[in-house]
Amino acid sequence: MTAHPDDPEEPARADNGTGAEAPDAAAPLSGQERAVLALERRSWPGPGAKERAVREQLGISPVRYYQVLNALLDDRRALEEDPVTVNRLRRVRDARRGRR
């Protein structure tokens, strides 16, 4: 059975262009998404320390971490949660894209 578009019990979700549904704009960030932003707020002493923390604290691979992080940079909810971190990371991402 498919839900009718006007059905109030089925929240509307938009396709985000990757074939996956975009998160509901009203839903809060998940615990994992908040943890990713928290790790990005920290400074790291040297190479490998951040990746080690990602594996130990979040239990995910660094590749998955950066996938989640990149999606968060385009998520309005993340901007509302931590505007300083998100805007800083957006500037870094844009600068790297400009060099390519």
Side-chain angles (χ1 to χ4, degrees):
M1 179 172 140
T2 59
H4 188 274
D6 296 326
D7 187 354
E9 294 191 24
E10 286 293 323
R13 290 181 171 248
D15 186 318
N16 65 8
T18 63
E21 292 181 345
D24 183 359
L29 292 176
S30 71
Q32 182 183 53
E33 291 168 329
R34 289 176 194 269
V36 166
L37 289 175
L39 275 177
E40 282 301 316
R41 281 193 294 271
R42 295 175 51 189
S43 60
W44 300 97
K50 182 177 182 180
E51 286 74 14
R52 200 168 26 258
V54 165
R55 288 185 190 278
E56 292 172 1
Q57 295 176 19
L58 300 180
I60 60 175
S61 72
V63 170
R64 180 66 186 140
Y65 172 83
Y66 288 110
Q67 289 171 339
V68 171
L69 177 60
N70 196 46
L72 282 171
L73 296 184
D74 296 323
D75 191 327
R76 179 190 53 78
R77 300 169 307 150
L79 183 61
E80 291 171 359
E81 176 82 20
D82 191 348
V84 173
T85 301
V86 171
N87 282 325
R88 176 179 57 82
L89 294 170
R90 283 179 175 179
R91 284 191 302 273
V92 169
R93 181 178 68 177
D94 291 345
R96 285 186 180 149
R97 284 181 179 169
R99 288 190 298 239
R100 291 184 193 174

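By the side-chain hydrogen bond (donor to acceptor under 3.5 Å, both in side chains) test, N87 pairs with no residue at all, sequence neighbours left out. Take R41 and apply the side-chain hydrogen bond (donor to acceptor under 3.5 Å, both in side chains) test, not counting sequence neighbours, and it matches D82. Listed by chain and residue number, R64 satisfy the side-chain hydrogen bond (donor to acceptor under 3.5 Å, both in side chains) test with Q67 (two or more places apart in sequence, or in another chain). Applying the side-chain hydrogen bond (donor to acceptor under 3.5 Å, both in side chains) rule to S30 yields the partners E33; only residues at least two apart in sequence or on another chain are considered. Listed by chain and number, the residues in a side-chain contact (heavy atoms from CB on, under 4.5 Å) with E81 are L29, R34, L37 (sequence neighbours excluded).
Within the structure, salt bridge (charged side-chain N to carboxylate O under 4.0 Å, His left out) contacts touching residues 85-97 (residues at least two apart or in different chains) are D74-R93.
Two different hydrophobic clusters hold W44 and V92 under the rule that ILVMFWY side chains link at heavy-atom gaps under 4.5 Å.
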For residues 50-59, tabulate all N or O donor-acceptor pairs below 3.5 Å that involve a side-chain atom, not counting sequence neighbours.
residue, atom, partner, partner atom, Å
K50, NZ, E40, OE1, 3.3
K50, NZ, E40, OE2, 2.5
E51, OE2, Y66, OH, 3.3

